[in-house]
Asks: 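Got a structure for you, written out below as structure tokens; questions coming shortly.
Per chain, numbering begins at 1; letters A, B, ... match sequence-line order.
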Amino acid sequence: MTQTENAIPKAYDPGAVEQRLYASWIEGGYFTPAIDPDKEPFVIIMPPPNVTGELHLGHALQATLADIMVRWHRMKGEPTLWLPGADHAGIATQVMVERSLAQNATSRSSDEAGLTRQQLGRERFLERVWDWVRLYGHTIDEQHKRLGASCDWTRRSFTLDDGPSLAVRTTFANLYEKGLIYRGERIINWCPRCSTALSDLEVDHEEEQSFLYHIRYPLEYGDGDLIVATTRPETLLGDTGVAVNPGDDRYRHLIGRRVFLPMVGRLLPIVGDEAVDLAFGTGALKVTPGHDPVDFEVGQRHGLPVVTAINLDGAMSREAGPYEGMDRAECREVILRDLDAAGLLDRQEPYRHSVGHCGRCGVVVEPLASRQWFVSMDELARPAMEVVRDGRIKIVPGHYSRVYLNWMENIRDWCISRQLWWGHRIPAWYCLDCSQDATHLVFPPEDGLPDGSYRTLREQGLAWSELEARAMHVFTDLTAQPIVALEPPDCCPACGGSRLYQDPDVLDTWFSSALWPHSTLGWPEDAEDVRYFYPTTVMETGYDILFFWVARMVMMGLQNTGDIPFKWVYLSGLIRDEHGAKMSKTRGNVTDPIEAIDAYGTDALRFTLTTGNAPGNDLRISDGKLAASRNFVNKVWNAARYVLTNLSETQNAPEWRTPQLSHRHDRWIVGRLNQVAAQVDRFMDDFLFGEAQREVHDFFWNEFCDWYIEIAKLRLRASSEPSPLPILVHVLEKSMRLMHPFLPFVTEEIWQTLKTVLHGTQDMADSIVVAPYPAPEPSTADAQAEREMELLMGVVRAIRNVRAEFKIPPNRALTCLIERSEAGASLREEAATVESLARTEPLVFLAEGDARPAAASTVSVALVGATLLIPLESLVDTAAERTRLEREMQECVDNMQRLSQRLGNAEFTAKAPEDVVERERERLARLGERRDRVQELLTQLTA
RNA sequence: GGGCGAUUAGCUCAGCCGGUUAGAGCGCUUGCUUUACACGCAAGAGGCCAGUGGUUCGAGUCCACUAUCGCCCACCA
């Protein structure tokens with residue numbers, strides 16, 4: 001089939017080609033690397049998106065950046081692996097399914113409509129989640145394919161797959177063995193809505209306007225009172241002491257005495273503790289160990305009991321006496337009223353402070369004392385700081401290293417247990433036979449106890465087996481020694497009993513994420529993948545999960561494998577709307593990447609996301625930018641269309657791959673192409689993808705399209721020799737390969753068409769995906785050709801300029817005389833080019849004694865290498881022309897003055913590099929030449 | 001309280017190891033149905049590179065301070 005102009009559409013239609021091309025890539029198996037022990041692989045593990053998630057622009061940006069790197073390295077011949085995956089996203093997914101259950105959206109049968117997970121039971125609930133995952137679990141994979149992501153789908157990994165799950169259990173067991181995982185009672189962040197513990201990172205703090213309440217605590221023998229300041233009066237129901245600073249003269253004498261707790265009447269000891277700030281509030285601190293981390297520590301130091309005043313559902317507990325059952329917010333109002341009525345509310349003052357909210361659902365978190373699993377971080381953090389300090393892991397942009405280290409230095413233990421069902425269940429078992437404490441398992445109120453109180457197993461009168469059958473959630477107040485094992489033990493190693501009960505909690509989602517770079521490659525097995533591909537090369541993700549994920553991967557990677565998980569961390573920015581606002585569904589300013597692809601094409605979206613923006617900076621996206629990118633893609637398409645059309649008419653393009661470089665146009669464009677290739681290499685090495693693209697964009701559009709192709713048209717039309725066709729093909733083909741990592745689809749489509757037009761006679765790879773990336777050939781650099789082209793382009797621009805300035809109709813050919821073209825002898829050879837591009841009568845080259853046109857009706861332009869004289873029919877406004885020339889003159893003089901000053905400075909010539917000095921000298925000389933010429937023109941104008 | 005970033009054309013942003021007269025896209029002005037492209041072509045206007053001081057032969061670029069904006073971390077109740 002011969003490609004004709006008709007066969008190639010005028011405007012590029014991405015929708016018509018993209019999915020077909022992606023399918024062909026999968027078909028070709030190009031994304032699965034061949035393991036070659038002699039080569040160093042390039043490896044990126046994809047940050048696993050939430051399994052039920054949908055692609056947003058943040059994903060699109062990250063996938064595009066990764067894909068650019070991956071395609072570049074693949075084309076450079078490195079075994080390249082980009083491993084995709086998905087995250088079970090514990091809390092997010094569970095909440096989603098719970099919500100849908102409530103709405104009866106996914107229930108298989110009507111009898112499950114409106115049920116809570118507790119009513120459904122653990123097993124059946126998890127079935128529902130798996131249903132959900134099966135239904136929506138591959139949406140985002142398909143969306144990544146739309147983006148052109150060249151990942152190895154044969155290696156796709158899910159955090160709950162057998163491999164990663166084994167890695168989780170192994171890690172847990174290892175860390176437990178080493179004493180780096182422990183169970184302890186601590187103040188944790190509790191989300192009453194999600195009813196689970198959260199890590200510190202999952203809590204978002206927001207400044208809120210509130211009050212600081214001063215509350216009167218009467219002294220035991222009625223001799224006055226002690227005023228404490230608090231933002232949370234409702235927690236006084238959990239107070240077990242009052243603390244003052246031992247160095248505080250106001251209160252020192254009270255240490256050891258007692259106060260009455262208002263409304264309740266309990267006697268609380270007054271203790272002295274350094275943690276109390278003398279300057280804050282009244283200098284007296286109510287100690288609530290059950291609901292505040294600082295108080296918890298104070299309480300521990302002074303042996304104060306922990307009282308839980310607020311239940312897991314956010315309602316006041318039995319300890320709250322008359323306030324039992326009230327919601328904590330309601331209780332605050334009521335207790336304030338009561339305190340006021342009793343004359344115990346001294347005063348309240350407006351106060352701004354930050355309040356923690358659940359990162360997932362936004363509800364105010366309740367700090368409360370609870371027994372949870374923790375990872376001890378100090379020992380893990382030390383080597384993780386070291387590898388960044390010594391540069392084994394480099395973070396791009398570099399300033400994030402300090403952010404990383406700063407966080408690591410102040411790291412706190414990580415609460416990893418979650419009271420959820422969806423996730424990796426903690427591999428710890430408790431023996432109900434040898435543990436006396438087993439009967440103290442308690443239920444949270446939502447487990448079907450209508451009065452909202454706690455009940456122990458014994459009180460409930462429930463047998464263990466009965467519990468399991470009902471698959472009820474059992475809250476972990478277990479005090480028994482856990483048996484930590486990779487697989488469920490058959491019987492208790494201590495007593496041989498078989499009534500073993502697995503810890504009901506699951507692990508923080510980020511625990512499995514932390515293992516991702518090695519767990520996806522087969523660790524802990526001795527797998528070929530982990531041996532060959534680990535450590536991975538680049539971890540590319542958003543800066544917002546530096547702590548959540550990156551830091552933890554470094555720690556766990558080092559701990560588990562003894563090696564770093566990746567050599568580079570590339571942190572991308574966040575995507576914002578055109579006004580700089582964060583995109584969110586509630587704001588309604590979300591751009592759906594798939595919609596953007598449908599409207600503008602994948603290549604345009606990718607180009608938009610990765611240009612005009614420095615690494616790590618946030619990026620604003622708008623329709624205007626998308627349209628501009630689409631225009632570029634279309635430009636590429638049409639340049640190719642021109643070349644291909646001509647090619648198909650000629651039927652062949654001999655020597656296009658190593659073309660004869662005889663003509664100056666050809667030497668110029670090929671030299672420039674290779675300079676661009678060299679620049680692109682440098683930028684890519686430094687992760688400067690935007691700069692790399694700008695380089696190739698500018699070359700392709702401003703040099704190849706605007707000049708080379710335009711000139712080539714003239715040569716083709718004139719059938720002059722040598723034909724520019726081999727060069728057109730050469731530059732087009734190489735440009736496609738240069739651009740392929742950025743614009744995978746349009747470049748492949750053009751490349752395949754080119755293959756077809758060349759009838760497969762040429763040595764071209766099956767796909768541009770696996771074609772070699774163009775290596776720069778420095779030998780093609782041709783300074784002379786560049787100078788000559790500069791002159792040619794300068795002359796054409798100057799003439800067009802005059803035409804525009806003097807409003808000469810475009811269809812009227814100008815007369816143009818050229819004098820002093822000695823320096824640009826090449827211009828004589830380019831006369832026909834100039835005549836066509838600038839629309840002039842045949843150029844007249846003036847010799848020494850030739851007559852000049854009358855100055856009064858001539859516009860003169862002094863260029864380096866030639867002077868143009870353009871006589872105009874109508875009289876030129878001599879005054880205006882003189883002004884113009886004088887302005888030009890002034891410019892020359894100013895610049896020359898600056899230059900000679902610089903060159904006259906002995907220190908400059910002595911200290912500046914040779915080439916810089918030389919360049920300045922040349923500039924000065926050229927300016928002098930031009931000034932003389934302008935002077936001459938001015939003289940003529942006056943005469 | 002600690003840490004990090006930003007400030008460049010009307011708008012959105014680039015500007016790499018300090019070295020021409022600071023660039024791009026969009027927008028704006030003027031003119032073009034030039035057989036690759038109007039998603040285009042040609043020509044143009046538009047900048048005290050936030051401010052002050054310093055280092056340097058040379059600063060948009062490096063340093064210090066100031067101002068404004070933004071982000072992250074933090075147990076002052």
Side-chain angles (χ1 to χ4, degrees), chain A residues 5 8 10-12 187 200-201 205 212 228-232 235 243 275-277 279-282 284-288 292-297 351 353-354 367 397 399-400 402-403 406-407 410 412 543-544 546-547 574 578 580 600 604 611-614 616-622 624-625 627-646 679 682-683 686 688 690-691 694 697-698 705-706 709-710 713 797 800-805 807 809-811 836 839 891 894-895 898-899 902 905-913 915-917 919-920 922-923:
Chain A
E5 200 178 323
I8 308 175
K10 214 170 171 180
Y12 175 58
I187 293 280
D200 296 335
L201 284 178
H205 293 274
L212 188 59
V228 303
T230 181
T231 54
R232 303 199 56 200
T235 63
V276 181
D277 182 351
F280 189 90
T282 61
L285 168 73
K286 67 192 255 321
V287 183
T288 321
D292 185 281
V294 175
D295 294 12
F296 184 80
E297 282 167 25
Y351 186 64
H353 67 139
S354 75
H399 69 258
Y400 278 106
R402 293 192 56 184
V403 179
N406 191 42
W407 184 74
N410 301 301
R412 299 165 63 209
Y543 65 72
D544 52 330
L546 178 61
F547 307 139
L574 269 30
E578 56 194 307
Y600 299 99
T611 54
N613 173 257
N617 285 357
D618 290 354
L619 175 78
R620 297 189 193 195
I621 193 165
S622 64
K625 277 186 191 171
S629 303
R630 176 205 54 199
N631 294 354
F632 174 53
V633 173
N634 189 56
K635 185 75 181 178
V636 171
W637 176 255
N638 271 291
R641 184 162 162 260
Y642 173 77
V643 175
L644 290 166
T645 306
N646 279 285
Q679 280 287 2
R682 266 196 292 279
F683 288 135
D686 292 341
L688 297 168
E691 288 297 294
R694 186 192 48 73
H697 166 277
D698 291 355
C705 290
D706 289 350
I709 290 185
E710 290 307 315
K713 282 178 187 170
R797 278 197 201 101
R800 286 170 174 170
N801 189 327
V802 169
R803 183 188 293 279
E805 198 175 332
K807 308 230 186 294
N811 52 2
S836 291
R839 252 206 219 208
E891 206 179 293
D894 288 349
N895 283 330
R898 203 163 27 80
L899 278 176
R902 190 175 303 169
N905 186 338
E907 284 199 277
F908 173 70
T909 45
K911 290 184 185 171
D915 58 316
V916 172
V917 178
R919 203 163 56 218
E920 301 292 65
E922 258 174 52
R923 283 182 55 214

Asks: Return the value, rounded to whole Å, for the distance between atom CG of A/L574 and atom P of B/rG70.
Replies: 16 Å
Asks: Any side-chain N or O of A/N631 below 4.0 angstrom from OP1/OP2 of B/rG40?
Replies: yes
Asks: Rounded to whole angstrom units, what separation is found between the CG atom of A/N801 and the P atom of B/rG44?
Replies: 4 Å
Asks: Nucleotides 72-77 of chain B: which of its N/O atoms have a protein N/O under 3.5 Å away?
Replies:
unit_1: B/rC75; atom_1: OP1; unit_2: A/R412; atom_2: NH1; d: 2.5
unit_1: B/rC76; atom_1: O2; unit_2: A/D277; atom_2: OD2; d: 2.4
unit_1: B/rC76; atom_1: N3; unit_2: A/D277; atom_2: OD2; d: 3.2
unit_1: B/rA77; atom_1: OP2; unit_2: A/Y351; atom_2: OH; d: 2.3
unit_1: B/rA77; atom_1: O2'; unit_2: A/A229; atom_2: O; d: 3.4
unit_1: B/rA77; atom_1: N6; unit_2: A/D277; atom_2: O; d: 2.9
unit_1: B/rA77; atom_1: N6; unit_2: A/F280; atom_2: O; d: 3.2
unit_1: B/rA77; atom_1: N1; unit_2: A/D277; atom_2: N; d: 3.2

Asks: Which part of the nucleic acid, if any, lies within reach of A/A628 when heavy atoms closer than 4.0 Å are counted: base, sugar-phosphate only, or nothing?
Replies: sugar-phosphate
Asks: Nearest heavy-atom pair of A/Y600 and A/R630: which atoms, and what distance?
Replies: O-CG, 3.9 Å
Asks: For A/A804 and A/N895, take the nucleotide of RNA chain B holding the closest heavy atom to each; which residue's nucleotide lies nearer the 5' end?
Replies: A/N895
Asks: Tell me the interatomic distance from A/F908, atom CZ, to B/rU56, atom C1', rounded to whole angstroms.
Replies: 13 Å
Asks: Any side-chain heavy atom of A/V916 sitting closer than 4.5 Å to one from A/F908?
Replies: yes
Asks: Report yes if at least one side-chain N or O of A/R898 is closer than 4.0 Å to OP1 or OP2 of B/rU21; otherwise report no.
Replies: yes
Asks: What integer distance in Å separates A/K625:NZ from B/rG27:C1'?
Replies: 14 Å
Asks: Mind telling me whether A/F547 and A/W407 have parallel, tilted or perpendicular rings, with 30° and 60° as the class edges?
Replies: parallel
Asks: What integer distance in Å separates A/F632:CZ from B/rC26:P?
Replies: 13 Å
Asks: I'd like to check A/Q679 versus A/R682 (side-chain heavy atoms, cut-off strictly below 4.5 Å). Are they in contact?
Replies: yes
Asks: Could one point to a donor on the side chain of A/K10 or the base of B/rC37 with an acceptor on the other under 3.5 Å away?
Replies: no
Asks: Does a side-chain N or O of A/N613 approach OP1 or OP2 of B/rU12 to a distance below 4.0 Å, or not?
Replies: no
Asks: State, with a plain yes or no, whether a side-chain heavy atom of A/R839 is found less than 4.5 Å away from one of A/N811.
Replies: yes
Asks: Round to the nearest Å and state the distance from A/H697 atom NE2 to B/rG23 atom C1'.
Replies: 13 Å
Asks: At their closest point, which heavy atom of A/N613 faces which heavy atom of A/D618, and how far apart are they?
Replies: ND2-O, 3.1 Å
Asks: Side chain of A/E710, heavy atoms from C-beta onward: which of B/rC37, B/rG15, B/rA43 has the nearest atom to it?
Replies: B/rC37
Asks: Can you confirm whether the side chains of A/T611 and A/K625 place a donor and an acceptor under 3.5 Å from each other?
Replies: no
Asks: Using the side-chain heavy atoms of A/R630, tell me which of these nucleotides is nearest: B/rC39, B/rA43, B/rC16.
Replies: B/rC39
Asks: Touch check for A/P809, heavy atoms < 4.0 angstrom, all strands: base, sugar-phosphate only, or nothing?
Replies: nothing
Asks: Restricting to non-hydrogen atoms, name the atom on A/W637 and the atom on A/K10 that form the minimum distance, rounded to 0.1 Å.
Replies: CD1-O, 4.0 Å
Asks: Just checking, any donor-acceptor pair under 3.5 angstrom between side chains of A/N895 and A/R898?
Replies: yes
Asks: Phosphate oxygens OP1/OP2 of B/rU12: is one of them under 4.0 Å from a side-chain N or O of A/R620?
Replies: yes
Asks: Expressed in whole Å, how much space separates the C1' atoms belonging to B/rG18 and B/rA59?
Replies: 6 Å
Asks: Phosphate oxygens OP1/OP2 of B/rG31: is one of them under 4.0 Å from a side-chain N or O of A/K807?
Replies: no
Asks: Under 4.0 Å between any heavy atoms, over every strand shown, what does A/R800 touch: base, sugar-phosphate, or nothing? Just pick one.
Replies: sugar-phosphate
Asks: At less than 4.0 Å, is any side-chain N or O atom of A/R402 found next to OP1 or OP2 of B/rC4? Yes or no.
Replies: yes
Asks: Where does B/rC62 fall, syn or anti, if syn means a chi angle no more than 90° from 0?
Replies: anti
Asks: In whole Å, what separates the C1' atom of B/rG31 from that of B/rA6?
Replies: 40 Å
Asks: Ion pair present between A/R694 and A/D698, side-chain N to carboxylate O less than 4.0 angstrom?
Replies: yes
Asks: Base, sugar-phosphate, or nothing for A/N617, non-hydrogen atoms under 4.0 angstrom?
Replies: sugar-phosphate
Asks: Using whole Å, report how far CD of A/E691 lies from P of B/rG23.
Replies: 14 Å
Asks: B/rG27 and B/rG44: how far apart are their C1' atoms, nearest whole angstrom?
Replies: 14 Å
Asks: Do the side chains of A/K713 and A/E710 get close enough for a salt bridge, i.e. N-O under 4.0 angstrom?
Replies: yes
Asks: Between B/rA42 and B/rA22, how many Å separate the two P atoms, rounded to a whole number?
Replies: 23 Å
Asks: Which part of the nucleic acid does A/R803 contact within heavy-atom distance under 4.0 Å: base, sugar-phosphate only, or nothing?
Replies: nothing
Asks: Can you tell me, in whole Å, how much space there is between the C1' of B/rG25 and that of B/rA64?
Replies: 36 Å
Asks: Dot-bracket for RNA chain B, please. Rules: Watson-Crick or G-U, both distances under 3.5 Å, ( ) within the strand, [ ] when a pair crosses earlier ones, | for another strand, . otherwise.
Replies: (((((((..((((.....[...)))).(((((.......))))).....(((((..]....))))))))))))....
Asks: Can you measure A/W637 atom CH2 to B/rG40 atom C1' for me and round it to whole angstrom units?
Replies: 17 Å
Asks: Could you check whether A/R919 gets within reach of a base, just the sugar-phosphate, or nothing at all, counting any heavy atom under 4.0 Å?
Replies: sugar-phosphate
Asks: When rounded to the nearest Å, what value does the distance between C1' atoms of B/rG46 and B/rU29 take?
Replies: 11 Å
Asks: Between B/rC62 and B/rC16, how far apart are the P atoms? Round to whole Å, please.
Replies: 8 Å
Asks: Using the P atom in both, what is the distance from B/rG60 to B/rG54, to the nearest Å?
Replies: 15 Å
Asks: What's the shortest heavy-atom distance between A/T231 and A/L212, and which atoms?
Replies: CG2-CD1, 3.9 Å
Asks: Does B/rG40 have its OP1 or OP2 closer than 4.0 Å to a side-chain nitrogen or oxygen of A/N638?
Replies: no
Asks: Any side-chain N or O of A/K635 less than 4.0 Å from the OP1 or OP2 oxygen of B/rC41?
Replies: yes
Asks: Please compare A/R797 and A/R923 by the position of their nearest nucleotide in RNA chain B and report the one closer to 5'.
Replies: A/R923
Asks: For a quick test of reading the model, state the closest non-hydrogen atom pair linking A/L619 to A/G612 and the distance between them.
Replies: CD1-O, 4.5 Å
Asks: Classify A/A614 by what it touches in the nucleic acid, base, sugar-phosphate, or nothing, heavy-atom distance under 4.0 Å.
Replies: sugar-phosphate
